[in-house]
Amino acid sequence: MANGTIAFDTLSTSGQITGTAKSLDTDYLVSGSAKVWVSFDGTASSAASRGAFGVSSMDDNGTGDYDVNISSAMSDANYAIVVGQGRYNEGTYGGQYDISIATVATTSLQVFSNTVGAARADYSYNAIAFLGDLA
């Protein structure tokens with residue numbers, strides 16, 4: 001089976017969508033979407049991914065210390081990183097948690113999962129998205 005190329009400037013639908021939402025400029029689609037994302041359980045023995053896109057592997061370096069390895073390199077290390085974290089179905093809600101960014105590279109990202117007191121901790125819900133250009 002041969003692979004081909006489809007080229008277009010606007011993606012449109014003739015379906016049930018009404019108003020101006022029926023078309024989307026492909027530049028916006030390419031530039032405005034996450035190139036890499038992952039949702040993972042940090043309480044598992046090896047940072048178990050719930051779902052991911054553009055992630056080749058993850059490393060669990062110890063309590064609250066993770067590497068996300070990217071399948072296709074970013075164009076530079078200045079991409080935007082969006083994170084979310086918390087407890088998920090653990091019966092304990094509230095409190096403050098944060099993910100601090102430790103090391104940013106074009107092919108990986110190291111993050112630390114912390115409590116409000118800055119102690120490293122494993123949390124059951126972690127989500128990271130990478131926004132920028134691929135190399």
Side-chain angles (χ1 to χ4, degrees):
M1 173 190 266
N3 292 325
T5 301
I6 298 173
F8 53 90
D9 296 323
T10 303
L11 180 62
S12 298
T13 180
S14 59
Q16 302 297 319
I17 300 172
T18 60
T20 59
K22 289 184 88 167
S23 67
L24 179 64
D25 187 304
T26 55
D27 287 338
Y28 179 79
L29 183 64
V30 171
S31 298
S33 59
K35 303 308 183 292
V36 178
W37 63 265
V38 63
S39 171
F40 67 95
D41 182 351
T43 62
S45 61
S46 61
S49 171
R50 286 189 176 88
F53 177 77
V55 173
S56 59
S57 65
M58 289 190 64
D59 301 317
D60 189 338
N61 304 318
T63 302
D65 183 349
Y66 312 100
D67 292 329
V68 179
N69 301 302
I70 304 169
S71 300
S72 297
M74 302 297 282
S75 63
D76 57 43
N78 297 319
Y79 50 91
I81 304 159
V82 182
V83 297
Q85 177 189 61
R87 296 180 185 270
Y88 179 72
N89 286 338
E90 293 177 23
T92 306
Y93 300 96
Q96 294 178 331
Y97 325 101
D98 79 76
I99 294 179
S100 58
I101 299 163
T103 305
V104 179
T106 59
T107 57
S108 66
L109 173 71
Q110 181 184 22
V111 294
F112 296 142
S113 172
N114 306 301
T115 65
V116 69
R120 295 232 171 72
D122 289 334
Y123 291 104
S124 59
Y125 185 83
N126 301 274
I128 305 171
F130 303 69
L131 300 143
D133 293 326
L134 294 174

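Keep in mind that this is a model prediction, so the values were computed, not measured. Numbering starts at 1 and runs along the sequence shown.
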> Got a second to check how far Ser75's OG is from Leu134's CG, nearest 0.5 Å?
Replying inline: 7.5 Å
>> Grouping I, L, V, M, F, W and Y whenever their side-chain heavy atoms are under 4.5 Å apart, do Leu109 and Trp37 come out in a common cluster?
In response: no
>> As an exercise, state the distance from CD of Gln110 to CD1 of Ile101, rounded to the nearest 0.5 Å.
In response: 11.5 Å
> Is the backbone of Arg50 close enough, under 3.5 Å, to the side chain of Ser39 for a donor and an acceptor to pair up by distance?
Replying inline: no
> Taking all atoms of both residues into account, what is the closest heavy-atom pair of Ser124 and Thr43, and its distance?
Replying inline: N-CG2, 3.7 Å
>> On a heavy-atom basis, which atom in Val38 and which in Ala52 lie closest, and how many Å separate them?
In response: CG2-CB, 3.9 Å
> Does any N or O in the side chain of Lys35 come within less than 3.5 Å of the main-chain N or O of Gly132, such that one atom is a donor and the other an acceptor?
Replying inline: yes
> Is it true that a side-chain atom of Tyr79 and a backbone atom of Ala105 form a donor plus acceptor pair closer than 3.5 Å?
Replying inline: yes
> Is it the case that one hydrophobic cluster holds both Val55 and Tyr125, taking links as side-chain heavy atoms less than 4.5 Å apart, direct or via other members?
Replying inline: no
> Rounded to the nearest 0.5 Å, how far does CG of Leu131 lie from CD1 of Ile81?
Replying inline: 9.5 Å
>> According to ring-ring contact (aromatic ring centres under 6.0 Å, His included), does anything in residues 98-122 pair up with another residue at least two apart or in another chain? List the pairs.
In response: none
> What are the two closest heavy atoms between Asp60 and Ala47, and how far apart are they?
Replying inline: OD2-N, 3.5 Å
>> Keeping Ser71 on the side-chain end and Ser56 on the backbone end, is there a donor-acceptor pair under 3.5 Å?
In response: yes
> Below 4.5 Å, heavy atoms only, C-beta onward: do Asn69 and Met58 meet side chain to side chain?
Replying inline: no
>> According to side chain to side chain contact (heavy atoms under 4.5 Å, CB included), who are the partners of Ser113, at least two apart in sequence or on a separate chain?
In response: Tyr66, Gln85, Tyr123, Asn126
> CG/Asp76 to CG/Asn78 distance, rounded to the nearest 0.5 angstrom?
Replying inline: 4.5 Å
> How would you list, by chain and number, every residue that makes a side-chain hydrogen bond (donor to acceptor under 3.5 Å, both in side chains) with Ser100, sequence neighbours excluded?
Replying inline: Asn114
> Is there a side-chain contact between Asp67 and Ser108 (heavy atoms, below 4.5 Å)?
Replying inline: no
> Hey, any chance Met74 and Val104 share a hydrophobic cluster, counting ILVMFWY side chains that come within less than 4.5 Å of each other, even indirectly?
Replying inline: yes
